[in-house]
Amino acid sequence: MSRTSGAHTPDTHLCVLLQSEVVLSAFQQHKEVKLKSSPADLVTETDQRVEKILISAIRNRYPQHRFIGEESVAAGEHLELTDSPTWIIDPIDGTVNFVHRFPFVAISIAFTVNRQTQFGIVYSCVEDKLFYAQRGGGAFLNGEPLHASGQQDISRCVVVTEIGAERDDVALSTMTSNIRRLLQLPVHGVRALGTAAVDMCQVATGGADAYYHIGMHCWDIAASAIIVQEAGGVVMDTDGSEFDMMSRRVIAASSAAVADRIAQVIQAFPCCRDDEDNCGCGATGVN
Ligand SMILES: Nc1ncnc2c1ncn2[C@@H]1O[C@H](CO)[C@@H](O)[C@H]1OP(=O)(O)O
Ligand SMILES: [Mg+2]
Ligand SMILES: [Mg+2]
C-alpha cells in the first residue's frame, strides 16, 4: 500500500458519501435530461454537479493531481492517463437508471499512480453500499471483506453484462449473439443492473460469477476492476489479453477458467479506445 494513496482514502470516502446525498435528493425529482453521443447516452445537471464538486474538493486538497471525469471529457476535456497521480471519476454510473428512478446508481472513483490503480470506491447510493479496495489490501463492502465465488465451471455461472448505449446493427447483433451463446452453453442466468460499476462489484461479492462489457469507458470500470481483483477475482480484456482500462472491453470473473471461457465465446464490436481520437476502427456506435 503506497503511503500517498493511503492518505487519500478516508477523505475520499467522506466526499463520496456527501455527494451521494446530492444524488439521492435528486433521485425522486423531475430531471432535465440532455443527450450526449446517442439517444440512449444521457446526462443530467446532477451528473455535472456531482463531478464538479468532487473534482474541486479533491483538487483543493491535492492541487498537483490530474483528473479524468466522464462529464469533463464529454465537455471536451482531453482524456489522457499519465504516470501522474490521477483520479478517474464517474459521478453517476447508471444515468439512465437515475433518470427513470430504477434503483441502481453509483458514484465511482479510482485513483491511479504510474497508470496503476491504487484504490477504487464504488458507492451504490440507493442501496447504501460502499464497495472499496486498496491495492494489496483486500476488498470490502461496508467494511466487511469481500470474496469472489471462485466458481470454475461456466455452466454454473450467473453472468452479468450491459446492453450499453449503442444502437447500430453491428453492435446490437454482436451484443445479442453474445448473450445467446452464453445462454446456450448454458449458464445459469444473464443479468444487467444498468450500472457497470455495481454490476462488476457483484462479481466481487460472489453474487455473480462473471461480468463482461464492450463499449463502456474507463470511468465505468476503473474502480470496480481493483475491487474484483482484491476480492480474488480476475480481470482481463474480452480477447483474453491483459486488462487495459482504456480498451473499452472487460471481463471480470470469479476464476481464470471462467474468464477464459467467456473470452472464447463472446465477440467484441469495434469501438475506439478511450485514449485515442478517430482511431479508424470503423465503429459506427457510440464513442
Ligand atoms: N457507450 C457506452 N456503451 C456501453 N456502456 C456504456 C456506454 N457509455 C456508458 N456506459 C455505461 O454502461 C452502463 C449502462 O449500460 C452504465 O454503467 C453506463 O455508464 P453511465 O451511466 O455513467 O453513462
Ligand atoms: Mg458510467
Ligand atoms: Mg456516468
Side-chain angles (χ1 to χ4, degrees), residues 16 19-20 22-23 26-27 31 33-52 54-55 67-75 79 87-110 120-126 131 160-168 170-172 174-176 178-179 190-203 211-225 238 245-250 252 266 268-274 281 283-287:
V16 167
Q19 287 318 300
S20 79
V22 177
V23 175
F27 191 75
K31 293 119 184 153
V33 180
K34 289 187 207 141
L35 302 187
K36 292 201 285 187
S37 51
S38 90
D41 187 11
L42 311 183
V43 63
T44 70
E45 189 266 334
T46 309
D47 297 66
Q48 293 164 335
R49 185 166 157 216
V50 168
E51 180 162 318
K52 273 200 186 114
L54 284 170
I55 291 179
F67 294 87
I68 296 174
E70 175 177 12
E71 307 312 339
S72 309
V73 171
L79 191 167
W87 298 79
I88 302 177
I89 298 176
D90 189 340
I92 299 183
D93 189 50
T95 298
V96 173
N97 286 355
F98 177 68
V99 167
H100 290 265
R101 284 182 253 130
F102 190 80
F104 296 95
V105 292
I107 298 172
S108 175
I109 301 183
I121 300 166
V122 172
Y123 184 60
S124 180
C125 305
V126 179
F131 298 90
V160 192
T161 188
E162 278 301 329
I163 312 303
E166 287 81 5
R167 295 294 185 268
D168 64 285
V170 176
L172 286 181
T174 311
M175 208 167 342
T176 49
N178 285 341
I179 293 173
V190 175
R191 304 284 184 266
L193 294 175
T195 137
V198 177
D199 285 332
M200 207 148 139
C201 285
Q202 302 313 308
V203 178
Y211 174 72
Y212 71 93
H213 195 163
I214 298 136
M216 80 294 146
H217 298 276
C218 56
W219 44 78
D220 295 313
I221 49 132
S224 47
T238 56
M245 71 164 89
M246 295 291 156
S247 79
R248 303 187 60 199
R249 301 187 298 259
V250 69
I266 65 166
F269 50 85
C271 45
C272 296
R273 288 176 61 83
D274 269 337
C281 71
T284 53
V286 178
N287 285 293

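All ligand and atom numbering here is 1-based and tracks the order in the structure. Quantities reported herein were computed from a predicted structural model and do not represent experimental measurements. All values below were derived from every heavy atom in this structure, side-chain atoms included, with hydrogens, water molecules and symmetry-related copies excluded.
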The Mg ion (ligand 2): protein N, O or S atoms [distance under 2.8 Å]: D90 OD2, D93 OD1, D220 OD1
Min N/O separation A196 to ligand 1 under 3.5 Å: yes
Atom 20 (P) of ligand 1: of D199, D93, V105, the nearest heavy atom sits on D93
One finds that the ligand 1 atoms under 4.0 Å from a non-hydrogen atom of T195 are 17 (O)
Distance under 4.0 Å to a non-hydrogen atom of E70: what atoms of ligand 1 satisfy this? 22 (O), 23 (O)
Ligand 1 to G194, heavy atom cutoff 4.0 Å, flagged ligand atoms 13 (C), 14 (C), 16 (C)
Would you say E71 and P91 make side-chain contact, with heavy atoms under 4.5 Å? yes
Whether F102 and F104 hold their rings parallel, tilted or perpendicular, with breakpoints at 30° and 60°: tilted
Atom indices of ligand 1 within 4.0 angstrom of D90 heavy atoms, with elements: 22 (O)
Does some non-hydrogen atom of I92 fall short of 4.0 Å from ligand 1? yes
A165 heavy atoms, cut-off 4.0 Å: which ligand 1 atoms fall inside? 3 (N), 4 (C)
Distance filter under 4.0 Å to G94 heavy atoms, resulting ligand 1 atoms: 20 (P), 21 (O), 22 (O)
Ignoring hydrogens, just give me the one of E162, H213, M216, R248 whose non-hydrogen atom is nearest atom 12 (O) of ligand 1. H213
E166 heavy atoms within 4.0 Å reach ligand 1 at atoms 1 (N), 2 (C), 3 (N), 4 (C)
Between T95 and ligand 1, which residue portion shows a heavy-atom distance shorter than 4.0 Å: side chain, backbone, both, or neither? both
Any atoms of ligand 1 less than 4.0 Å from a non-hydrogen atom of G164? List them with their elements. 4 (C), 5 (N), 15 (O)
What about G215: any of its N or O atoms under 3.5 Å from an N or O on ligand 1? yes
M175 versus I163, closest heavy-atom pair with distance: SD-O, 2.6 Å
Does any part of the side chain of I88, heavy atoms only, come nearer than 4.5 Å to the side chain of M245, both counted from C-beta? yes
Under 3.5 Å, is there a donor-acceptor pair between the D93 and S108 side chains? no
